[in-house]
Each structure stands twice: as structure tokens, then as C-alpha cells.
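Here, residue 1 is the first one in the sequence, and each next residue gets the next number. FYI, side chains are in, hydrogens and waters are out, and symmetry mates aren't considered; it's all heavy atoms of this structure.
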Amino acid sequence: MDVAATPSAGYSLFPGGSVPGSVTLTPGGVGRNVAVALASLLPLPPPPRVRIVSVVGSDAAGDALVASLERAGVDASGVRRLPSSGSEGGEGSDGAGTGAAATAATPVVVSVYDGGTGDVACSVADVAAVERAFTPEIVRRELSRIERESGKDFAVVVVVDGNLSAAAVAAAAAASPSSPGIGLFEPVSVAKGVRAVRGLKCRVMTPNAAELLAMARAVEEREPGCSTSSTSTRSTSGPLLSGDEKGVDSFLGSTLAPAARTLISRGVCEFCLVTMGERGAALIGREEAMAPLREGRADASSLFTAPAAGRRRSGGSSSSGSSGGGGAELAACVISAAPVPEVGRGGAGVVSTGGAGDAFAAGFLAAACGRGGHLGGGGGGSKKTRTTISFALAAGAAAAAQVVSSPLSSPRLDVKRVWECAGELKRQARWVTL
């Protein structure tokens, strides 16, 4: 459950004091945000195409979260209910005791936003219930369930977020060869991305720039000598000072590419989809893996469905040799940020960046693996429509733009506008050799 606080116009945050503003209480969480956005973007029938596995409390917040999932068309049968934490007197407390009596089992995140930029100024996340109760055994059981129930006429993509414990992430990554493994991993934060990196193996990872750099540094520190470029990921030289192509490409080459090379060469991920806020996003991968996408010989769904070269799911880090070598040339497909209508021009401008990354991941995945007319093929049938990587990236950017113009972390998306915006934005995609 998200608690979001934003100062009123004209007021600035300062330590030790309070300012007028607005406080909202809304369903949230990375996994929930991605699931709800996917359910709205994936074409129907048949519902539901999206299943969520998580844990919430047996409290009002847990009730609200499950109800919001069901209203959105998400299969919530995999959500487990936990008893709420009572006072030291034990279960059955009416909550009228010590402060401990008011602690809920449902995860809650409190965020305070900068009123000027919409960026998160500070945040406190109480997700201990997820880490404690969402065990590796649950992960393995749910993946086995997916294997049993999945038909052969569609692909399954497993999305995992960094709120899970490191052991639970590793359990998903080390799934049996017949299971889908982790298709997409969202780090959530710097600290949680670093925590997960030891046992992580996934197809696509969706960090922001800070998360990417921190995770690469963690790998380098754990495995001295594994740095794959003369430009160390310890350096953050070449900051983004502007949003023009030259500035973005310079930042990619000098700062982000060495970090991506470290993670890709060590088998942490096969592709790194790094988001850069108002500067857009870039999908980075080995040149030989990106070439079929650039040349139109493969569509975006191949990121999740094509055989993975040199990938092992049985735990442990792959060697540079087994994953293509640390010196492999990289390529990137770069997309600009989608325009956000300004105040006075039919929009609200940037209100809050919370949930933007979740929406980007959902838009990208829905376009890459969706079916039917929503992907620009015309008609509403179930026939698979080929989707270029540039369109998938543009769909992610279009979904994120709608979220930043809302105070909610997962507002109802205008699906038609997402696909229309993506159709326009894809023309601005460009390829860069790193």
C-alpha cells in the first residue's frame, strides 16, 4: 500500500518541519503496478493473462490490494494472506495497546515527493512481510504450477521484483530447465538490486542508471578482476547534462555501457533495459544478440522466447567464456522519453515519478509479447503480430509518460493513447554501437 505525500505549490521540504500538502493512500508495489498495467494493455480475450504471486496481510490494506487486483482483471489466486501483527498480548488484540498493535502485515511504502520536480525526496519501505513469508519454497512451487498449467500455444514470462529476498530471487533464477526462469527483473532500488545480484540470472533487467551502476560495482567487488572495460563502473564521469542525442550517447558509452557489459558478461542478465528519466531509455545487449532485432530478422518477443545462448539456470555465476566473453561489443536501441502534456496545454505536467519505471516495464512487455490489433496489426484477433524492438521501447515510454502526469503510482492507463503515442515515438528510435 502506497502512502504518498506531496507539498502544495510554493512550499519546499525542510528537515524537522512540516508543510501543507496532499497525502494519498493507494494500492501500489512494483509487482502489483506492473501486473495491473499489463492487464490493461494486453488485448483480450481470454482473461486473465496476468497472474500475480505475493503476500499481503489479513487486514484492511490486504483486502483493498486484493480487490484492486481483481477489479483490474489480474488473477490474484496466488496472493497469500498473512495474519496481522498484534500486540504482545497475542492474536485477537483490538489494537488498543502499544504501538506494536498497529503494525500491519501488509507491506506499506511511505514516499515524500519534491513538489517542484515530482521526484521522490525520501521513502521508507516496510516490506518485511514479503521478505519473511515469500520463501524460496513458495517460488519453486509457483513456478512448478506454471509449468503444469501453461499451454503450448502461448509463452510465459515471469516478472520478478527486487522486493523479494535474495534467496527467493535466486530460487526463481535457478528454476528447472523446463520452466521459464526470470524473464524480466525490476531491481526496485539500489539497495535491493545490489542484494539480489549474487543469485540473479534473467533475460531482461530494467534498472535505472543508479541501480545499474551499483549492481555492476557489487559484481566487480565480489569478483575482483571481472571488470570488462577500461572504463570502470566505479566512475560516474560523463554525467547527463542535456537530453540531446550527443549527451545521451556520451553517457551511454562512458558510463552505462561498462556497467551493462559487466552484468551481461557475468550472466546476471542477457539484456539491460536502462531507464534514464526524461532522457529516455536504452536496451543494451551484445552486438550479435541485437543484430537480428535491428535487421528485422527477430521481433521483440524473441527477447523472452528465443533460446538463451550460454545461459545457465542452476545457480552460480557464469564465466566470461561461457557467456560470450567480457570484451564482446555491445549495441543499444535508444528511445526518447514520451512527451508529457504541460499544464495549460491539456495536461498536468510531471506530477510524480513514482511508478514510472513499473509502467515502462509493463508497456515494454505488453508490446513485446502481446497479441492482436493493439500492436498495430489491425483487427482484434489472436494472431501474433510482429513487434519491432523500437515499438516495444516506445510503448514503455508512452505508458511511463501517463504515470508521471498523475499523483498515483498506477493510474488507469488510456490504452489507445499508449499505442498511438508509441506508434509516433518509435520513429525516433536509433541504434548505437558501444
(request) Mind running side-chain contact (heavy atoms from CB on, under 4.5 Å) on Met290 and Phe271 for me, showing each step along the way? (result) CA-CA 9 Å; Met290 298 291 280; Phe271 300 91; 3.8 Å; yes

(request) For side-chain contact (heavy atoms from CB on, under 4.5 Å), just list the numbers for Phe251 and Arg279, CA-CA rounded to whole Å, side-chain angles, deciding distance to a tenth of an Å, and then say yes or no. (result) CA-CA 10 Å; Phe251 186 58; Arg279 279 87 179 186; over 6 Å; no

(message) Is there a side-chain contact (heavy atoms from CB on, under 4.5 Å) between Phe391 and Asp299? Walk through the geometry before answering.
(response) CA-CA 10 Å; Phe391 183 86; Asp299 66 11; over 6 Å; no

(request) Dump the intermediate steps for side-chain contact (heavy atoms from CB on, under 4.5 Å) on Leu273 and Leu393, then the final yes or no. (result) CA-CA 9 Å; Leu273 202 179; Leu393 289 169; 4.0 Å; yes

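Interatomic distance, NZ of Lys201 versus CZ of Arg266, reported as 9.0 Å (0.5 Å rounding). From Phe185, atom CZ reaches atom SG of Cys272 across 12.0 Å, with rounding to the nearest 0.5 Å. With values rounded to the nearest 0.5 angstrom, Glu270 atom CD is found 9.0 Å from Ile264 atom CD1. In this structure, the separation between CG on Leu413 and CH2 on Trp419 is 10.0 Å, given to the nearest 0.5 Å. From Leu283, atom CG reaches atom OG of Ser390 across 11.0 Å, with rounding to the nearest 0.5 Å. The distance from the CD atom of Glu295 to the CH2 atom of Trp431 is 9.0 Å, given to the nearest 0.5 Å.
Remark: side-chain polar atoms of Ser40 are paired, donor with acceptor, to backbone N or O of Ala37 under 3.5 angstrom. A donor-acceptor pair is defined here as one N or O able to donate and one able to accept, closer than 3.5 Å; no such pair exists between the side chain of Asp2 and the backbone of Ala4. Side-chain atoms of Asp161 come within 3.5 Å of backbone N or O of Gly31 as a donor-acceptor pair. Panel note: side chain Ser405, backbone Val340; no donor-acceptor pair is recorded below 3.5 Å. Side-chain atoms of Ser265 come within 3.5 Å of backbone N or O of Thr262 as a donor-acceptor pair. With hydrogens and angles ignored, the 3.5 Å screen pairs a side-chain donor or acceptor of Arg195 with a backbone N or O of Leu164.
Taking the side chain as every heavy atom from C-beta outward, Phe14 and Val19 approach each other to under 4.5 Å. Here the side chains of Thr6 and Thr24 are not in contact, with every heavy-atom distance at 4.5 Å or above. Contact annotation: the side chain of Val160 never approaches that of Cys202 to less than 4.5 Å [non-hydrogen atoms, C-beta and beyond]. Residues Leu143 and Ile146 form a side-chain contact, since some pair of their non-hydrogen atoms from C-beta on lies under 4.5 Å apart. Between Ile389 and Leu303, the closest side-chain pair of non-hydrogen atoms falls below 4.5 Å. Within the 4.5 Å cutoff, side-chain heavy atoms of Cys369 are placed close to those of Phe304. Between Ile138 and Thr135, some side-chain heavy-atom pair lies under the 4.5 Å cut-off. Leu330 is listed as a side-chain neighbour of Arg261, based on a closest heavy-atom distance under 4.5 Å.
Taking every heavy atom of both residues into account, Ala300 and Ala392 meet most closely at CB-CB, 4.0 Å. Nearest heavy atom pair, residue Asp249 against residue Arg430, reads OD1-NH2, 2.8 Å. Closest heavy-atom contact between Pro339 and Ala401: O-CB, 3.9 Å. Minimum heavy-atom separation, Arg412 to Gln402: O-OE1, 4.4 Å. Here the closest non-hydrogen pair linking Ala289 and Pro292 is O-CD, 3.4 Å. Taking every heavy atom of both residues into account, Leu425 and Ile335 meet most closely at O-CD1, 3.6 Å.
With sequence neighbours excluded, the residues that form a side-chain contact (heavy atoms from CB on, under 4.5 Å) with Pro27 are Met1, Arg32, Leu65, Ser68. Evaluation of the side-chain contact (heavy atoms from CB on, under 4.5 Å) rule for Val110 yields Val3, Val108 as partners, not counting sequence neighbours. Val112 meets the side-chain contact (heavy atoms from CB on, under 4.5 Å) test with Ala5, Leu13, Cys122; sequence neighbours excluded. Checked against salt bridge (charged side-chain N to carboxylate O under 4.0 Å, His left out), Arg417 has the following partners two or more places apart in sequence or in another chain: Asp414. A search for salt bridge (charged side-chain N to carboxylate O under 4.0 Å, His left out) contacts involving Arg294 returns Glu287, not counting sequence neighbours. Scanning for side-chain contact (heavy atoms from CB on, under 4.5 Å) contacts around Asp119 gives Thr117, Thr353, with sequence neighbours left out.
Ion pairing of Arg145 with Glu142 is present here, as a side-chain N (NZ or NE/NH1/NH2) and a carboxylate O approach within less than 4.0 Å.
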